[in-house]
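Just the heavy atoms: all of them, side chains too, but no hydrogens, waters or symmetry mates, feed the values below. One is the number of the first residue; the rest follow in order along the sequence.
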Amino acid sequence: MSRLRFTSLRLRLVVVFALVALTAAVSASGIAYWLNREAVLTRTQDAVLRDFQQEMQNRAGALPVHPTQDQLQHTAGQMAGSSQRFSVLLVGQDASGRTVYGNSGGLSGFALEDVPGSLRAAVNKRQPLSAANKSPYHLYWQRVTEHGTPYLVAGTRLVGGGPTGYMLKSLEPEAKDLNSLAWSLGIATGLALIGAALLAQAAATTVLKPVHRLGVAARRLGEGRLDTRLRVSGTDELADLSRTFNNAAEALEKRVADMAARDDASRRFVADMSHELRTPLTAITAVTEVLEEELDSESGGIDPMIEPAVRLVVSETRRLNDLVENLMEVTRFDAGTARLVLDDVDLADQITACIDARAWLDAVELDAERGLHARLDPRRLDVILANLIGNALKHGGSPVRVSVREADDEIVIEVRDHGPGIPEDVLPHVFDRFYKASASRPRSEGSGLGLSIALNNAHIHGGGITAANSPGGGAVFTLRLPRDASALTEQDEGGGRHTDGDGTGGTGEGDDTKGGAR
């Protein structure tokens, strides 16, 4: 039925073919019927009129100028017995001037009232003589229908005096022949219509089959099967279209392959660069830790003149170390090597540990019932929470409230701050990598990767994160995670549960993106 829906090209082709065939068949049948009708009626009419006129000349012309009724009756009977078998009515005047009638007796008595008045007036009207008209009276005829039966009525008057004659001929046999012809033409029209529909169906199949193959190939191409090609045969327009499609698919496949190769090269470069940076960063970090201890010692081992520079080095080294760790985590997500290490997690304890490890207990309010468990990756959950809570503390306003609730088979964690909220033009981009909300402050403590890493960690669990502004003020980040991520892990990773790389991930210090706009 889908092939014959009203908007389908197949149905429109069939309808157009059928309408053209119907128009042509009806026109041809109508012309044929009209021509045959005129031919049949004209042939019959001419034969009848010719015979009637001859009978009037031979038999009615032999009557006296003032015939009696018996003479008219006898002559009318003789005229009606001609080869055409028509009824005759003769009208004359006897010697006393009285109008007398002679009827052949056919058709329940052919009377003068059966003759149309216009025909009688034309028959009795004397025409002026001229070079073109040498007779004052002529033969006139008319077709009439009585009770559904067609008749031919004719009349003429003898030149030089004598009776006026009228003739009535039934055309019912000819009407039956014409009805049979109409039925035959109607049947022929119906057969032509059926034949046209079948021909249209065959033509539509022939024309639309390549179009259907092209549509299937286009869908496969849209699904990412870039090696899809069409078999090309012939030299018509559809073959040219198939060649064009193949050329476009080949160019697209080459372009995508080039882009994928460049993307892989970029990922490898980032990964290699991150790994290469870790070795010197480890040494630098160890040195900065020693310097930081000296800064915090009471002995005052650092010269006050260089103390600000040392503190800047310590801060920037820590920031660089976080950036490298985040880049390595992003590389794992892009390469598809990130995996979950699942464990049974008490959400209230996990959130409390995350807050306590970063000394945020005084700035964060927790609304979570103990005993609410979920099967998740604790390290990745810690990264998500650290980024969301740290982001709220850094760019929002205190206090930051973290609430946990159940919704069907999901765990919903909301992180809300009391700051000015997120600008509407920034909301669609808060999870973009390296996005800075304020162009006037391109440099900030964060790398612009924290929220992106948090979102990827939520996705790998089968959940997600949304950002919005609270009606009461402040921003709200909503994290949704399944109660049990093991089903997703078994489906996507074949049940394997192992760490990704060296087991490190984003540092989760809330280094992302609500930015200077807040």
Side-chain angles (χ1 to χ4, degrees), residues 329 338-394 396-419 431 450-451 453-468 470-493 495-500 503-510 512:
E329 184 76 349
R339 298 290 184 268
L340 295 176
V341 182
L342 299 178
D343 195 3
D344 190 63
V345 177
D346 186 303
L347 294 174
D349 291 343
Q350 180 72 23
I351 298 174
T352 301
C354 175
I355 297 173
D356 185 43
R358 292 160 179 83
W360 292 339
L361 287 175
D362 295 336
V364 178
E365 298 177 357
L366 177 60
D367 179 13
E369 296 182 2
R370 294 193 177 276
L372 184 58
H373 291 263
R375 189 162 183 80
L376 304 167
D377 186 327
R379 184 186 66 80
R380 294 189 182 278
L381 179 59
D382 182 77
V383 171
I384 297 173
L385 294 172
N387 276 289
L388 295 182
I389 298 172
N391 193 67
L393 290 170
K394 185 179 299 182
S398 297
V400 173
R401 183 178 180 82
V402 180
S403 60
V404 183
R405 58 185 172 87
E406 295 182 88
D408 297 331
D409 294 332
E410 289 184 330
I411 298 296
V412 179
I413 302 175
E414 289 186 352
V415 179
R416 176 182 175 183
D417 61 54
H418 290 77
F431 296 104
L451 288 180
I453 291 174
L455 181 63
N456 285 327
N457 278 313
H459 285 168
I460 200 173
H461 279 89
I465 306 175
T466 58
S470 174
V476 179
F477 284 82
T478 304
L479 168 67
R480 294 180 180 271
L481 296 174
R483 290 290 299 269
D484 188 355
S486 60
L488 178 70
T489 304
E490 293 171 0
Q491 178 181 355
D492 292 345
E493 305 170 17
R497 300 176 186 174
H498 48 277
T499 60
D500 45 286
T504 61
T507 57
E509 293 298 330
D512 219 55

K.L.:
Measure the shortest side-chain to side-chain distance between Leu361 and Leu366 over non-hydrogen atoms and say whether it is less than 4.5 angstrom.
P.N.:
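No. Closest side-chain heavy atoms not under 4.5 Å.
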
K.L.:
Output, in order, the C-alpha distance, side-chain angles, deciding distance and verdict of side chain to side chain contact (heavy atoms under 4.5 Å, CB included) for Val415 and Leu479.
P.N.:
CA-CA 8 Å; Val415 179; Leu479 168 67; over 6 Å; no

K.L.:
What are the two closest heavy atoms between Ala454 and Asn387, and how far apart are they?
P.N.:
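So the two residues come closest at CB-CB, 4.2 Å.
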
K.L.:
Between Val341 and Arg379, is any pair of side-chain heavy atoms under 4.5 Å apart?
P.N.:
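No - every pair of side-chain heavy atoms lies 4.5 Å or more apart.
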
K.L.:
At what distance, to the nearest 0.5 angstrom, does CG of Asp417 lie from CG of Leu388?
P.N.:
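Between Asp417 CG and Leu388 CG, I get 11.0 Å after rounding to 0.5 Å.
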
K.L.:
Find out whether Val364 and Leu393 are in side-chain contact, i.e. whether some heavy atom of one side chain is under 4.5 Å from a heavy atom of the other.
P.N.:
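When only atoms from C-beta onward are counted, Leu393 and Val364 do touch, with a gap below 4.5 Å.
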
K.L.:
Using the side chain to side chain donor-acceptor pair (under 3.5 Å) criterion, which residues pair with Asp367? Sequence neighbours excluded.
P.N.:
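Once residues adjacent in sequence are excluded, the partners of Asp367 under the side chain to side chain donor-acceptor pair (under 3.5 Å) criterion are Arg401.
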
K.L.:
Would the distance check show the side chain of Asn457 and the main-chain N or O of Ile453 forming a donor-acceptor pair, the cut-off being under 3.5 Å?
P.N.:
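Yes, because the side chain of Asn457 sits within donor-acceptor range (under 3.5 Å) of the backbone of Ile453.
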
K.L.:
Please give me the minimum heavy-atom distance between Pro399 and His418, naming the atom from each residue.
P.N.:
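Here Pro399 and His418 meet closest at O-ND1, 2.7 Å.
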
K.L.:
Pairs under 3.5 angstrom only: tabulate donor-acceptor contacts from the side chains of residues 402-411 to other protein residues two or more places apart or in another chain.
P.N.:
unit_1: Glu406; atom_1: OE1; unit_2: Arg483; atom_2: NH1; d: 2.3
unit_1: Glu410; atom_1: OE1; unit_2: Arg480; atom_2: NH1; d: 3.4

K.L.:
Could you tell me if the side chain of Phe477 sits less than 4.5 Å from the side chain of Leu451, heavy atoms only?
P.N.:
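With C-beta onward as the side chain, the pair touches.
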
K.L.:
What residues form a side chain to side chain donor-acceptor pair (under 3.5 Å) with Thr466, not counting sequence neighbours?
P.N.:
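Checked Thr466 against side chain to side chain donor-acceptor pair (under 3.5 Å); zero matches.
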
K.L.:
Side chain to side chain contact (heavy atoms under 4.5 Å, CB included) for Thr478 and Ile465? Distances and angles first, verdict last.
P.N.:
CA-CA 5 Å; Thr478 304; Ile465 306 175; over 6 Å; no

K.L.:
Which heavy atom of Asp343 sits nearest a heavy atom of Pro378, and at what distance?
P.N.:
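Nearest heavy atoms, Asp343 then Pro378: CB-CG, 3.9 Å.
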
K.L.:
Can you run down the salt bridge (Lys or Arg N to Asp or Glu O under 4.0 Å) pairs that involve residues 344-353, sequence neighbours left out, and say none if there aren't any?
P.N.:
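As it turns out, the salt bridge (Lys or Arg N to Asp or Glu O under 4.0 Å) pairs with a partner in residues 344-353, which skip direct neighbours, are Asp349-Arg370.
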
K.L.:
Which heavy-atom pair separates Leu385 from Cys354 by the least distance, and what is that distance?
P.N.:
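The pair with the smallest heavy-atom distance is CB-SG, 3.9 Å.
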
K.L.:
Working note: Gln350 + Leu381, criterion side chain to side chain contact (heavy atoms under 4.5 Å, CB included); need CA distance, chi angles, decisive distance, verdict.
P.N.:
CA-CA 8 Å; Gln350 180 72 23; Leu381 179 59; 3.6 Å; yes

K.L.:
How close do Leu376 and Val345 get, counting heavy atoms only, and between which atoms?
P.N.:
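For Leu376 and Val345, the tightest heavy-atom pair comes out as O-CG2, 4.1 Å.
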
K.L.:
Rounded to the nearest 0.5 Å, how far does CG of Leu372 lie from CD1 of Ile413?
P.N.:
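Reported value, rounded in 0.5 Å steps: 8.5 Å.
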
K.L.:
What verdict does the side chain to side chain contact (heavy atoms under 4.5 Å, CB included) test give for Val400 and Trp360, after you've listed the backbone C-alpha separation in whole Å, the side-chain angles of each residue and the deciding distance to 0.1 Å?
P.N.:
CA-CA 10 Å; Val400 173; Trp360 292 339; over 6 Å; no

K.L.:
For a quick test of reading the model, state the closest non-hydrogen atom pair linking Gly473 to Arg416 and the distance between them.
P.N.:
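Scanning both residues, the minimum pair turns out to be O-NH2, 3.6 Å.
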
K.L.:
Using atom types as modelled and distance alone, determine if a side-chain donor or acceptor of His461 lies under 3.5 Å from a backbone N or O of Asp377.
P.N.:
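Confirmed, His461 side chain pairs with Asp377 backbone.
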
K.L.:
Indicate yes or no: at least one non-hydrogen side-chain atom of Arg358 is less than 4.5 angstrom from one of Asp382.
P.N.:
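Yes; the side chains approach each other to less than 4.5 Å.
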
